[in-house]
Amino acid sequence: VQPQLKGAIPGDVHVSLITMEDKAKVVMEKVAVDMQLAKFLEKRKGQRARSHGNYLPALDALTELFVRHDSFNEKQLFVIFLSDGAPSDHNNLTCPHGVQVWQPDPHQLVSAGGKKQLRQCGGKAACRQILKANVQLDCLKRLDNLGDLLGRDRLHFHTVAFGSPDENYDTLRLMAKQLPRASFQKLGLSAGSLRTALTSLTSSLTSMRTEAASKMLTLRKEKQQVASGRDIAQYDVYTGPKFYSKRRWDLQLKKFIEVSLGEAVAGVATGDYTFAEGGERYVYYCTELSGSDKPVGTKLIAKESKFEEHLRHTVMYGVVLEDLKNQDSAFSYYARFCRVLAEAQSFAELFNRRLNDTRPEWSVHFLDSVLYTVWDDSDRYPSGLAYFTAELELEGKFTKWNNNGGNVRRSPPTSFPGHPNQNTSASSSLLLSAITEDEEGSGETDPSARDAIQVDDVPQAFSHFTHAVTNGKQLVCDVQGVWNSVDGFTLTDPAIHNKSSQSGTTRRKYGGTDKGLQGIRLFFSTHKCNAMCRRLGLEFPSNMG
């Protein structure tokens, strides 16, 4: 801890401490690295082990802690797993013959050497070895699952054996082989060896922090005052020579195509200040303008990256190039955003056709996004060239049904208006309604036909559908927007996980929210197939490797 205090940015490193006992104990959870933490650990140096060192509860507590705090980000995770021996989980387990063969004989029998004899069963010594082997296998499975959930490329796992040289450390050694960024050290009982090991781990931790810092984007410091409303006097106006183009991403051509402005439209304007923000973008009020700088057309919102790196352009011989291959350029960033929306809409069209139903409340649609290119000579755009996307302003209660880290919205079921079980209380207006699935082509009903489809079911089934229809290669999530019984779901800002993308690196097809196979696994780690999944015949994937 103390070496990490040097040059640390407040809040950039957090530490949790779990002790391995009969039941794991979380001593501290996500505590910032500072002098208070160092003093706290100093006070604990005299404490001694009080019980068995059970690995499995500790690994479960570690998984729960990481999933709760770090399944939604790309932070690097560093674990030091320190033990003085093999796992003790087998002590209270029951063998296939129903006997706790690692417990003392209840008749207090003593061997010739003076040790208490253990309970016996039909399998004799073989049962004891089976229980130990099962515990070892469970440890490896838990660690493998942890890597799948969080991303093997960002989980650094280091096992340290600090105990008698005669102890069996095979489990610690094998655990270190489960992940690509892992190590095993066997130290004996020398304090000097432990000091050397921790020094080595400190160096690894420092290198990890340096690597992570080099990948971090720089948050912009402009335009973060909350907008007061749609006052055109507080807008940046882009008309005449300041307006360059309006374009839309074409999925077939795999490029932007020009979109003509309406006859009465001369340009576009965006609010000076944000009124909302997401994980990657600031959101501004937006409108197209007439020749007299009056708002025309429908209300729009504009979205612009929160990071300075996405204001930069590829420049050659003084000319700005719109280079899709340079993933760090502003143009490439906005192209990815528009492409993700366009691809999500193509999945929505497949989903709606698959439903083959005339009920509009089940339909899914993603907003059409356009890219505006304007000239802005303010100092926040290095080259003067600025991009932002715009889309229709959504009306209604905004809901996020799932995100790109496996979180799923779960609300109490409420009946669709007209259903016999309709909840007519005032509070029901705060909940999403339910839709009753009708049996097609028959007046008869059976239990499956009466399966009620909740509004919350549709977005989750849509995400599941995108995984199935791509044969497990992709999954659309971050499903968010508004719902009403006339238009169905109108959605925006999706994320797409691409199986071949590598989370935690720059090799991500759909940008920063693409968590690759890790993200797909996170979705299915919380997804429960619902009535809409069953209607579509979707099966829970048995293998996502």
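Side chains included, hydrogens not; waters and symmetry mates left out as well; all remaining heavy atoms used. Count residues from 1 along the sequence. Since the structure is predicted, the reported quantities are computational estimates derived from the model, not experimental observations.
Between Ala452 and Asp457 the shortest heavy-atom distance is O-OD2, 3.9 Å. Between Leu179 and Gly147, the shortest heavy-atom distance links the atoms CD2-CA, 3.9 Å. Of all heavy-atom pairs spanning Cys529 and Arg534, the tightest one is O-NH1, 3.4 Å. Contact between Ala161 and Tyr169 at its shortest, heavy atoms only, is CB-CD2, 3.4 Å. Pro459 and Val479 make their closest contact through CB-CG1, 3.7 Å (heavy atoms, listed as atom of the first residue, atom of the second, distance). Considering all non-hydrogen atoms of both residues, Gly472 and Lys499 come closest at O-CD, 3.7 Å.
Between Phe465 and Val476, the closest side-chain pair of non-hydrogen atoms is not below 4.5 Å. The closest side-chain heavy-atom distance from Arg142 to Leu146 is not below 4.5 Å. Residues Lys509 and Arg339 are in side-chain contact: their nearest non-hydrogen atoms beyond the backbone lie under 4.5 Å apart. Annotation: side chain of Leu341 is in contact with side chain of Pro494 (closest heavy-atom distance under 4.5 Å). Gln460 places a side-chain heavy atom less than 4.5 Å from the side chain of Trp401. Side chains of Asn530 and Ile453 form no contact here, defined as non-hydrogen atoms less than 4.5 Å apart. Side-chain contact between Tyr510 and Glu343 is present, with at least one heavy-atom pair separated by less than 4.5 Å. With contacts defined as side-chain heavy-atom distances shorter than 4.5 Å, the pair Asn134/Leu93 does not qualify.
Summarising the geometry, atom CG belonging to Leu172 is positioned 13.5 Å from atom CZ belonging to Phe162; distances are rounded to the nearest 0.5 Å. To the nearest 0.5 Å, atoms OG (Ser525) and CG (Asn145) are separated by 8.5 Å. Note: Thr19 OG1 to Met28 CE = 11.0 Å, rounded to the nearest 0.5 Å. Expressed to the nearest 0.5 Å, how far CG of Asp89 lies from CG of Leu131 amounts to 11.0 Å. One finds the CG atom of Leu65 at 7.5 Å from the CG atom of Asp70 (value rounded to the nearest 0.5 Å). The distance from atom OG1 of Thr94 to atom CD of Gln100, rounded to the nearest 0.5 Å, is 4.5 Å.
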query: Going through the checks in order, is the side-chain contact (heavy atoms from CB on, under 4.5 Å) test met by Phe337 and Glu280?
result: CA-CA 10 Å; Phe337 175 68; Glu280 287 192 323; over 6 Å; no
task: Starting from the C-alpha separation in whole Å, work towards a yes-or-no answer on side-chain contact (heavy atoms from CB on, under 4.5 Å) for Glu29 and His69.
output: CA-CA 10 Å; Glu29 183 172 338; His69 293 294; 2.6 Å; yes
message: Set out, in order, the CA-CA distance, both residues' side-chain angles and the distance that settles side chain to side chain donor-acceptor pair (under 3.5 Å) for Thr274 and Lys303, then state yes or no.
response: CA-CA 9 Å; Thr274 67; Lys303 296 178 179 179; over 6 Å; no
query: Do Asn402 and Ser463 pass the side chain to side chain donor-acceptor pair (under 3.5 Å) test, and can you show the C-alpha distance, the side-chain angles, and the key distance before you say yes or no?
result: CA-CA 9 Å; Asn402 63 41; Ser463 291; 3.2 Å; yes
- request: Please report the C-alpha distance between Thr171 and Gln136 in whole Å, then the side-chain angles of each, then the deciding distance to 0.1 Å, and finally whether the side chain to side chain donor-acceptor pair (under 3.5 Å) criterion is met.
  value: CA-CA 6 Å; Thr171 301; Gln136 184 179 93; 3.1 Å; yes
message: Run Ile18 and Lys25 through side-chain contact (heavy atoms from CB on, under 4.5 Å) and show every step you take.
response: CA-CA 6 Å; Ile18 300 172; Lys25 180 180 180 181; over 6 Å; no
query: How far apart are the C-alpha atoms of Gln480 and Thr399, what are their side-chain angles, what is the distance that settles it, and do they pass the side-chain contact (heavy atoms from CB on, under 4.5 Å) test?
result: CA-CA 6 Å; Gln480 55 194 311; Thr399 302; over 6 Å; no
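Ring-plane geometry between His158 and Phe78 is classed as tilted, the angle between the planes lying from 30 to 60 degrees on a 0 to 90 degree scale. Between His527 and Phe524, the ring-plane angle classifies as perpendicular under the 30° and 60° cut-offs. Ring-plane geometry between Phe540 and His464 is classed as perpendicular, the angle between the planes exceeding 60 degrees on a 0 to 90 degree scale with a lower cut at 30.
Under the 3.5 Å distance criterion, with hydrogens and angles disregarded, no donor-acceptor pair is assigned to the side chains of Asn91 and Gln103. Tyr55 and Ser83 share a side-chain donor-acceptor pair at under 3.5 Å. Side-chain contact annotation: Asn54 with Glu21, donor-acceptor N/O pair under 3.5 Å absent.
Using a distance-only test at 3.5 Å, with no hydrogens or angles considered, no donor-acceptor pair links the side chain of Ser16 to the main chain of Val26. With hydrogens and angles ignored, the 3.5 Å screen pairs a side-chain donor or acceptor of Gln345 with a backbone N or O of Phe366. For Gln178 (side chain) and Asp144 (main-chain N/O), no donor-acceptor pair under 3.5 Å exists by modelled atom type. With hydrogens and angles disregarded, a donor-acceptor distance shorter than 3.5 Å links the side chain of Asp514 to the backbone of Asn498.
Counting non-hydrogen atoms of neighbouring residues, nucleotides and ligands closer than 6.0 angstrom, the NZ atom of Lys177 reaches no more than 12 such neighbours. Within a 6.0 Å radius of CD in Glu539, no more than 12 heavy atoms belonging to other residues, nucleotides or ligands are found.
Between Phe489 and Trp362, the distance separating the two ring centers is not shorter than 6.0 angstrom.
Partner Ile520 forms a side chain to side chain contact (heavy atoms under 4.5 Å, CB included) with one of Gln474, Lys473, Lys515, His497 and no other, that one being His497.
Salt-bridge formation is detected for the pair Arg173/Asp170: a Lys NZ or Arg NE/NH1/NH2 atom is positioned less than 4.0 Å from an Asp or Glu carboxylate oxygen.
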